[in-house]
Structure formats: C-alpha cells, structure tokens
S.K.: 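Take this structure first; my questions come after.
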2 protein chains.
Amino acid sequence: MTSSDADSPAISDGPDLYSIADLAREFGISTRAIRFYESKGLIAPERLGATRVFRRRDRARLILILRGKRLGFSLRDISDYLALYDADRGQQVNLLAEKVDERLELLEQQLADLQTTIAELQEIRKLARTRVSPAS
Amino acid sequence: MTSSDADSPAISDGPDLYSIADLAREFGISTRAIRFYESKGLIAPERLGATRVFRRRDRARLILILRGKRLGFSLRDISDYLALYDADRGQQVNLLAEKVDERLELLEQQLADLQTTIAELQEIRKLARTRVSPAS
DNA sequence: TCATGGCTTTACGTTAGCGTCAAACAACTG
DNA sequence: CAGTTGTTTGACGCTAACGTAAAGCCATGA
C-alpha cells in the first residue's frame, strides 16, 4: 500500500525493486557475497515471504560496500563507514564528527601512499621507455 | 671479509645491518610477520649461520611492503609490485611496461574512489557541524 | 655452570570472506 | 504434471595472513 502516496519524494529514476540476482549481475559479484553482507548487517533488504527484495537504498549501500572493498577495507571497517551515513539523522553528532575525522585521517594517509606509489611507477615506466626508444 | 672493499658505493647513511627484532621494532610489526614475508619470497635477507641479517635493501623492501598493505594489497600483489622494481635491471622491458601500466590503472581507479570517499565524508562532517554550531 | 635473552624451525590455531554443495520450496512453462 | 529456473537456509571447505606455542641452538653474564 501507499506505493507513492506522500511518503518518499516522487522522483523515480531507474526501477525500484531488485532481486538478489539482479544486483549480483549488475555488480559482478555472487549472490553468496550479497547474503554474506546481509548476515554481517551491512544491508537489510526487505522480505516478500522469505525472498529478499532490494530497493534503491540497498543498491546504494552495495555501491558503497564495493567501493570500500576496492579501497582495501574490511567489512568491519565498511560497516562502521556506512554507519556514518546512517547517523546523518542527527543524534550524537559530536561523536560522529570525531569518527568521520578519524576516518578522514586514514584516507588521507592512504591518498599520500597512493600518490607516492603512482609517482614511483611512472618513474619506472619512464626509465623502461628510455631504454627502448630514445625519443619517440 | 671485504666489509667495505670496493664492492658497494662508499655512501653510508644510517647503519647497515639490522636484526629481525630491529626491523620489527622500527616498523611496529611482529618478527613472525617478517619471517612470513621471507617465506613468501618478498624479502631475502642474508644469513650469518642461521640468523637473518638484513641490509638497507631489505629494509627498503619492507617499507614498500608495508605501504602496499596500507593500500590494501595482498602479499601476492605486493610481490608482483616488488618485481617491477627489481626488473629495473632491463630484460623484458616491454612486458614490464605493460605490467606497470596495468598496475597504474588500478591505482588510479583507487585514487578516484578515494577522492570520492573523502569528499563524501567531508560533506557529512560539514552537515554535522552545521547542526551544532551555525557559524564558528 | 646455569640462567637469561634472542634467535631459529615446525606446526597447529584463528579470522575474514566468501565458494560450493545440498536440500527444499515457489512460480512458471510446455 | 514434470521440468526448469530462481529463491531460501544450512553447513562444510578453502585461502590469506599471520598468532601462538613448543622445543632447540647460541652467547653472555653473575
């Protein structure tokens, strides 16, 4: 009931409602992985009977999860990270800001590491090319 | 014998020669971890009898290993990465350049992810602060 | 000489993050 | 109605990256 009464904004982009296989296909992961993420509390799809039903919110979270993984974070870390988004709805805002700052420090360290590494690799590549073709 | 005859350049910064405990202490990791890295071929310290003796080269590799870990790479990945440094001494230079490019692509994806994430967190922090203090 | 500290190897234990059946139910299709 | 497809919940398996003894070899110092 109240599929679009006066609850959520009337915007509708892609489809809402995805099956577990839909998302698995879209993101190139296994259904097993998705269930695993749910078991760890990272997502909480609704149920239609026993069947999981995912909405845009769940899909958005999945995107954040996968990005976190690309960045090398553990599911525990990612879970904490998602909590920062949820916490948006006020509450212990000071504590939130603290946690965000902590996380930001880590990420900026990582950013520095990354830039150093990229620079080094580009240097190596330059050296390699020099030996092959003096000036192309 | 030939502790500094005409083998290596005469430059000498910090001390050369570290024990496994030295490095463990310096980098805040366990000796077990260091032995594990050796068992995986990431470092290859010399031996004095049975005792491992590390030189600057090993120490430098360790630094790269730890940076790789901070970036979320597996030891396998890091191993490949170290090989790029070693390969510096010519050989299949074309293949090297390819691998370097592959790795660079990954890193740049990661860089993008990271920047997005940092921006989002800063946004969250801004919102949080707004609720607390309008203009400080 | 014996205790102490640091080093070694061997080996089993542990956690994370899924992969891979297995068994069962639901809906659709020919 | 049987078969196929998609879903569910277990439950066991597996790799990575170490942790954690256990047991032994040296060297040093009281």
Side-chain angles (χ1 to χ4, degrees), chain A residues 15-55 58-59 61-83 103 106 110 113, chain B residues 15-55 58-59 61-83 103 106 110 113:
Chain A
D16 206 10
L17 266 31
Y18 311 85
S19 75
I20 191 171
D22 288 342
L23 295 183
R25 218 174 304 113
E26 174 172 5
F27 296 117
I29 61 182
S30 69
T31 60
R32 177 71 180 88
I34 295 180
R35 290 195 198 94
F36 186 72
Y37 299 154
E38 180 185 8
S39 80
K40 293 295 175 179
L42 300 193
I43 43 183
E46 299 170 51
R47 297 287 183 135
L48 205 167
T51 304
R52 275 165 260 251
V53 177
F54 298 79
R55 291 176 175 280
D58 306 302
R59 186 169 167 285
R61 296 199 129 220
L62 209 40
I63 291 177
L64 290 181
I65 292 172
L66 296 179
R67 197 173 67 196
K69 294 211 66 188
R70 284 199 302 274
L71 291 175
F73 292 124
S74 71
L75 294 188
R76 274 281 297 139
D77 285 343
I78 295 176
S79 176
D80 296 352
Y81 182 71
L82 288 173
R103 177 62 52 156
L106 270 178
Q110 192 163 341
D113 283 338
Chain B
D16 205 10
L17 266 32
Y18 310 86
S19 76
I20 191 172
D22 287 343
L23 294 183
R25 218 174 303 115
E26 174 172 5
F27 296 117
I29 61 182
S30 67
T31 59
R32 176 71 180 88
I34 295 181
R35 289 193 198 95
F36 187 72
Y37 299 154
E38 180 185 6
S39 81
K40 293 296 174 180
L42 300 193
I43 41 181
E46 300 171 50
R47 298 287 182 135
L48 205 168
T51 304
R52 276 164 259 252
V53 178
F54 298 80
R55 289 178 176 277
D58 306 302
R59 187 170 166 282
R61 295 200 129 219
L62 208 41
I63 291 178
L64 291 181
I65 292 171
L66 297 180
R67 197 173 67 198
K69 295 212 65 190
R70 283 198 303 272
L71 291 175
F73 292 124
S74 71
L75 293 189
R76 274 282 296 141
D77 285 343
I78 296 175
S79 177
D80 296 352
Y81 181 72
L82 288 174
R103 177 62 52 155
L106 269 179
Q110 193 163 341
D113 283 339

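For the numbers below, each heavy atom of this structure counts, side chains included, while hydrogens, waters and symmetry mates do not. Every chain is numbered from 1, with letters handed out A, B, ... down the list of sequences.
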S.K.: Separation of Phe54(B) atom CZ from dC7(C) atom C1', in whole Å?
M.R.: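 Those two atoms, CZ and C1', are 11 Å apart.
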S.K.: Distance check, rounded to the nearest 0.5 Å: Leu42(B) atom CG versus Asp80(B) atom CG?
M.R.: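 It comes to 9.5 Å.
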S.K.: Determine whether a donor-acceptor pair (N or O, by modelled atom type, separation under 3.5 Å) exists between the side chain of Arg59(A) and the backbone of Phe54(A).
M.R.: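 Side chain of Arg59(A) to backbone of Phe54(A), a donor-acceptor pair under 3.5 Å: no, none is there.
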S.K.: Report the distance from atom CG of Leu42(A) to atom P of dA16(C), rounded to the nearest whole Å.
M.R.: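 It is 13 Å, rounded to the nearest whole Å.
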S.K.: If you take any heavy atom closer than 4.0 Å to DNA chain C, which residues from residues 62-81 of chain A end up in contact?
M.R.: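 Per residue number, the list reads Lys69(A), Ser74(A), Leu75(A).
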S.K.: Tell me: CD of Glu38(A) to P of dG17(C), nearest whole Å?
M.R.: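 One finds 16 Å between P of dG17(C) and CD of Glu38(A), rounded.
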S.K.: Are the side chain of Asp113(B) and the backbone N or O of Gln110(B) linked by a donor-acceptor pair below 3.5 Å?
M.R.: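 Between the backbone of Gln110(B) and the side chain of Asp113(B) there is no qualifying donor-acceptor contact (under 3.5 Å).
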S.K.: Less than 4.5 Å apart, any side-chain heavy atom of Ile65(A) and any of Ile43(A)?
M.R.: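 Heavy-atom side-chain distance check passes, below 4.5 Å.
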S.K.: Check whether any side-chain heavy atom of Ile34(A) lies under 4.5 Å from a side-chain heavy atom of Phe27(A), and answer yes or no.
M.R.: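 In short, these two side chains do not touch, never coming nearer than 4.5 Å.
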S.K.: Short of 4.0 Å, heavy atom to strand atom, which residues of residues 19-33 of chain B count as contacting DNA chain C?
M.R.: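 Here the set is Ser19(B), Ile20(B), Ala21(B), Arg32(B).
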S.K.: Say whether, by atom type as modelled, one donor and one acceptor occur between the side chain of Asp58(A) and the main chain of Arg55(A) under 3.5 angstrom.
M.R.: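 Flag set: sc Asp58(A) to bb Arg55(A) pair under 3.5 Å.
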S.K.: Can you see whether Phe73(B) has Arg103(B) sitting over its ring - NZ or CZ less than 6.0 Å from the centre and within 45° of the normal?
M.R.: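 Pair Arg103(B)/Phe73(B) counts as cation-pi.
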S.K.: Rounded off to whole Å, could you give me the NZ-to-C1' distance for the Lys40(A) and dC18(C) pair?
M.R.: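 Distance check: Lys40(A) NZ to dC18(C) C1' gives 11 Å.
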S.K.: CZ of Arg35(A) versus C1' of dA11(D): gap in Å, rounded?
M.R.: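 It is 14 Å, rounded to the nearest whole Å.
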S.K.: Any heavy-atom pair between the side chains of Ile78(A) and Arg67(A) that's under 4.5 Å?
M.R.: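 Sidechains of Ile78(A) and Arg67(A): no contact.
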S.K.: dC7(C) P sits how many Å from Leu17(B) CG, rounded?
M.R.: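 The distance from CG of Leu17(B) to P of dC7(C) comes to 14 Å, rounded to the nearest Å.
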S.K.: Would you mind reading off the distance between Phe36(A) atom CZ and dC14(D) atom P, rounded to a whole angstrom?
M.R.: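 Distance, rounded to whole Å: 17 Å.
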S.K.: Under the salt bridge (charged side-chain N to carboxylate O under 4.0 Å, His left out) test, which residues partner Glu38(A), sequence neighbours left out?
M.R.: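 With sequence neighbours excluded, Glu38(A) shows a salt bridge (charged side-chain N to carboxylate O under 4.0 Å, His left out) to Arg47(A), Arg52(A), given in chain and number order.
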S.K.: Of the nucleotides dT7(D), dC7(C), dT9(C), which one has an atom closest to the side chain of Thr51(B)?
M.R.: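 The closest nucleotide is dC7(C).
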S.K.: Does dA17(D) have OP1 or OP2 sitting under 4.0 Å from an N or O in the side chain of Tyr37(B)?
M.R.: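 Looking at the OP1 and OP2 atoms of dA17(D), neither is under 4.0 Å from any side-chain N or O of Tyr37(B).
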S.K.: Whole angstroms only, please: what is the CD1-C1' distance between Ile34(A) and dG6(D)?
M.R.: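 Going from Ile34(A) (CD1) to dG6(D) (C1'), I get 14 Å.
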